[in-house]
Visitor: 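Below is a structure I'd like to ask you about.
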Number of protein chains: 2
Amino acid sequence: MTAVRNGLAGGRRPTLEQVARLAGVGRGTVSRVVNGSPRVSERTRELVEDAIAELGYIPNRAARALAAGTTDAVALVVPEQETRFFAEPYFSGILRGASAELAEHDMQLFLTLIRNERERDRFTQYAASHRVDGALLVSLHADDPLPDLLAEHGLPAVLNGRRSSAESMPYVDTDNAAGARAAVGHLLDGGRSTVATITGPPDMYVARCRADGYREALRAAGREVDESLLVQGDFTEEGGHRAMRRLLAAEPSLDAVFCASDVMAAGARLALREAGRSVPGDIALVGFDDSAIARHMDPPLTSVRQPIDEMGREMVRVLLSLREREPTETRPARAAVQPEPGEPQPARLLPTELVVRSSS
Amino acid sequence: MTAVRNGLAGGRRPTLEQVARLAGVGRGTVSRVVNGSPRVSERTRELVEDAIAELGYIPNRAARALAAGTTDAVALVVPEQETRFFAEPYFSGILRGASAELAEHDMQLFLTLIRNERERDRFTQYAASHRVDGALLVSLHADDPLPDLLAEHGLPAVLNGRRSSAESMPYVDTDNAAGARAAVGHLLDGGRSTVATITGPPDMYVARCRADGYREALRAAGREVDESLLVQGDFTEEGGHRAMRRLLAAEPSLDAVFCASDVMAAGARLALREAGRSVPGDIALVGFDDSAIARHMDPPLTSVRQPIDEMGREMVRVLLSLREREPTETRPARAAVQPEPGEPQPARLLPTELVVRSSS
DNA sequence: ATGTACCTTGGGAGCGCTCCCAGTTGTGAT
DNA sequence: ATCACAACTGGGAGCGCTCCCAAGGTACAT
């Protein structure tokens with residue numbers, strides 16, 4: 001309220017200089033106090049803090065950014081071909097996690113939707129003009145030029161999900177294979193004999209991982225992998241429907257199906273109903289994503305849950321760790337930039353959790 | 001690529017000064033060219049533009065912000081009690097619209113989730129430290145102190161939706177009453193005799209507007225309003241369910257219901273099914289929001305669509321118009337800050353659209 | 001020629017902060 | 001007392017840009 005009384009409400013905001021004058025110290029000292037440097041005596045610190053409180057001083061971020069070359073903000077970039085993705089809980093989970101983690105570091109989140117090439121260029125420019133300290137890239141296609149563009153401008157970036165097994169950029173991903181293993185293992189444990197899978201499009205790395213997990217689980221249980229039991233879907237309901245019909249026609253002994261997404265499982269469920277097969281009586285069903293439809297299906301669908309909020313948080317952690325790793329030109333790059341064991345690695349694989357419901 | 005050859009990839013970025021030197025002009029001239037000032041001769045402009053291209057010059061926003069006192073960024077603020085809201089298409093619509101409109105003005109969007117008081121203070125500080133030129137406030141509760149806090153710091157803000165009929169801040173809202181009128185009018189036109197409504201909580205202004213629309217439509221059709229036909233829900237499925245049961249018990253002649261939200265309509269539909277009433281045969285149903293559930297209900301639900309993307313866009317337009325309106329201290333505030341007829345007003349009511357499906 | 005008016009242009013003066021160096025003060029050992 | 005050393009502190013020198021003013025040009029009228 002003192003601040004208001006001082007007429008700051010609409011008018012000029014106090015500067016470091018003014019705080020320094022009021023506290024009877026130098027500019028440098030105030031800066032140190034504001035930034036929590038330990039090289040300030042207790043007495044002086046209090047003096048300065050009082051002055052700050054009295055004036056209602058708030059640092060000017062633009063000035064800080066200019067002087068220090070850092071902005072305390074990161075961009076979350078969403079290529080917006082997929083409006084779909086955008087309205088999904090997945091997106092809001094990432095957003096929530098990232099936002100929470102950033103808040104803890106007193107940093108801000110910039111949201112950038114990229115609808116077309118023009119907007120991509122605009123963002124690249126933006127990034128290059130150092131308005132952000134780093135970027136979180138979400139829902140990226142394998143052929144998106146954005147990562148390279150950012151690298152070219154020296155902007156640290158973290159991917160959500162890998163583009164391939166040889167992902168060269170820092171990333172945070174779900175352990176899709178492990179999730180699939182858990183799902184299939186669960187079906188086998190339930191005594192199912194013929195377990196098939198409906199996969200995603202093979203050009204998507206995430207789909208391959210889940211298919212691999214399926215295979216691994218079978219092998220781990222001492223069974224052979226029958227490749228004809230892998231039927232390709234495309235992550236749509238319609239695709240799941242088609243795939244399941246094919247499976248039903250080809251495999252009379254079928255009694256369990258692992259679907260690489262809940263949406264495909266919904267399609268599969270429909271095909272089963274049409275064929276008069278009961279779930280889980282005749283055929284057990286497991287999905288992936290633990291999305292809203294999983295809970296609302298009839299029967300409710302067993303599914304593999306990804307720690308989405310946590311992915312958002314972790315992306316931020318990785319991004320921030322990148323900053324420390326990066327050898328600042330001013331410092332002679334201590335030793336050999338070896339990843340220290342304690343800190344978060346530049347890539348993280350997060351665990352999944354099988355949510356068992358009555359479809360299996 | 002010249003830029004890359006010049007070693008800008010990781011290193012120092014070129015400055016205005018360097019561009020000026022290369023072009024053989026002064027700093028001011030380059031600034032004028034970059035900002036599209038007309039006070040530059042054609043010849044000079046070309047010279048400068050060549051130099052900019054050659055060096056791959058990109059203005060440093062922080063410096064610009066510091067010198068000019070403007071950031072070219074606005075914040076979208078979401079109080080996050082309502083994770084619900086967050087995952088909804090409504091949110092992504094606003095986001096998409098705002099983002100698109102901002103992109104056209106070469107501005108950026110800052111996303112701020114406010115989970116608790118600490119984060120609110122943090123944002124207030126942030127806003128006060130002039131990191132953004134304005135704020136878009138979304139899903140605000142009537143008692144939220146944020147608007148006042150922002151006003152205190154002199155930060156322009158636009159609300160999404162009004163808090164009351166006497167909203168004092170600039171806002172963009174849907175014409176809820178008109179939407180309700182259309183819905184109820186449609187039911188009356190369909191020959192329904194006893195039209196009831198399930199309302200939202202009366203402490204929410206939006207709920208009152210929709211209820212008012214219901215009354216107006218009846219009166220417009222020359223009917224009397226029977227207040228016992230307004231049953232209060234709470235915008236949840238469960239609430240819709242309860243309300244419909246009450247209606248069924250109390251009004252044997254009931255043959256149409258306007259629900260103030262799709263979610264409540266879903267609950268109502270459930271109650272109707274339990275009661276063995278057919279839709280639209282026995283009872284016609286209309287919702288509000290045209291959300292995903294409307295399309296997926298059985299039968300698909302007639303609903304009132306709001307132009308959500310457009311609301312996002314419009315919020316930005318209003319915010320930007322605020323900037324021009326605001327008398328800058330340097331200028332003697334031309335005449336008397338009268339809203340000029342042509343420009344967008346500081347408050348906008350957007351039209352709705354009735355999407356007729358088979359539930360009515 | 002001379003004057004007037006209008007363009008265009010260069011560059012000084014900051015914007016508010018961080019970085020860093022040199023100066024000051026304080027402490028403990030000698 | 002004296003010295004070495006550490007802990008604090010003040011303030012100059014920018015960071016890269018915009019704003020603005022005065023200077024220099026140009027064109028046209030007198």
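Below, chain A is the first sequence line, B the second, and so on; all start at residue 1.
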Visitor: Counting only side-chain N and O atoms of B:N60, is one of them less than 4.0 Å from OP1 or OP2 of D:dC15?
Guide: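 Negative; the distance criterion is not met.
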Visitor: Going by heavy atoms closer than 4.0 Å, what residues in residues 42-49 of chain A are next to DNA chain C?
Guide: none
Visitor: Does anything in residues 62-75 of chain B reach DNA chain C, meaning a heavy atom under 4.0 Å, and if so which residues?
Guide: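 Under 4.0 Å from DNA chain C: B:L66, B:A67.
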Visitor: Taking side chain to side chain donor-acceptor pair (under 3.5 Å) as the definition, give me every residue that meets it alongside A:R61, ordered by chain and number, with sequence neighbours left out.
Guide: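 Side chain to side chain donor-acceptor pair (under 3.5 Å) check on A:R61 returns A:D72.
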Visitor: Nearest 0.5 angstrom please: B:L109 CG to A:L76 CG, how far?
Guide: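 Going from the CG atom of B:L109 to the CG atom of A:L76 covers 11.5 Å.
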Visitor: With a 4.0 Å limit, can you tell me whether A:S41 has a side-chain N or O closer than that to the phosphate oxygens OP1/OP2 of D:dT9?
Guide: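 Affirmative; the distance criterion is met.
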Visitor: What is the distance from atom CZ of A:F110 to atom OG1 of A:T71, rounded to the nearest 0.5 Å?
Guide: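 Interatomic distance, A:F110 CZ to A:T71 OG1, rounded to 0.5 Å: 8.0 Å.
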Visitor: Applying a 4.0 Å non-hydrogen cut-off, can you work out what B:V40 is touching in the nucleic acid: base, sugar-phosphate, or nothing?
Guide: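 B:V40: backbone/sugar contact only, no base atoms under 4.0 Å.
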Visitor: Can you pull out every salt bridge (Lys or Arg N to Asp or Glu O under 4.0 Å) where at least one residue sits in residues 102-111 of chain A? Sequence neighbours excluded, please.
Guide: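 Every pair satisfying salt bridge (Lys or Arg N to Asp or Glu O under 4.0 Å) with a residue in residues 102-111 of chain A: A:E104-A:R313, A:D106-B:R122.
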Visitor: Applying side-chain contact (heavy atoms from CB on, under 4.5 Å), can you list everything that pairs with A:R32, at least two apart in sequence or on another chain?
Guide: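 Scan of A:R32 (side-chain contact (heavy atoms from CB on, under 4.5 Å), adjacent residues dropped) gives A:T29, A:S37, A:V40.
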Visitor: Going by number, which of residues 16-32 of chain A have a non-hydrogen atom under 4.0 Å from DNA chain C?
Guide: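 Nucleic-acid contacts, sorted: A:L16, A:R27, A:S31, A:R32.
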Visitor: Atom CZ of B:R61 and atom C1' of C:dG16: how far apart are they, to the nearest Å?
Guide: 20 Å
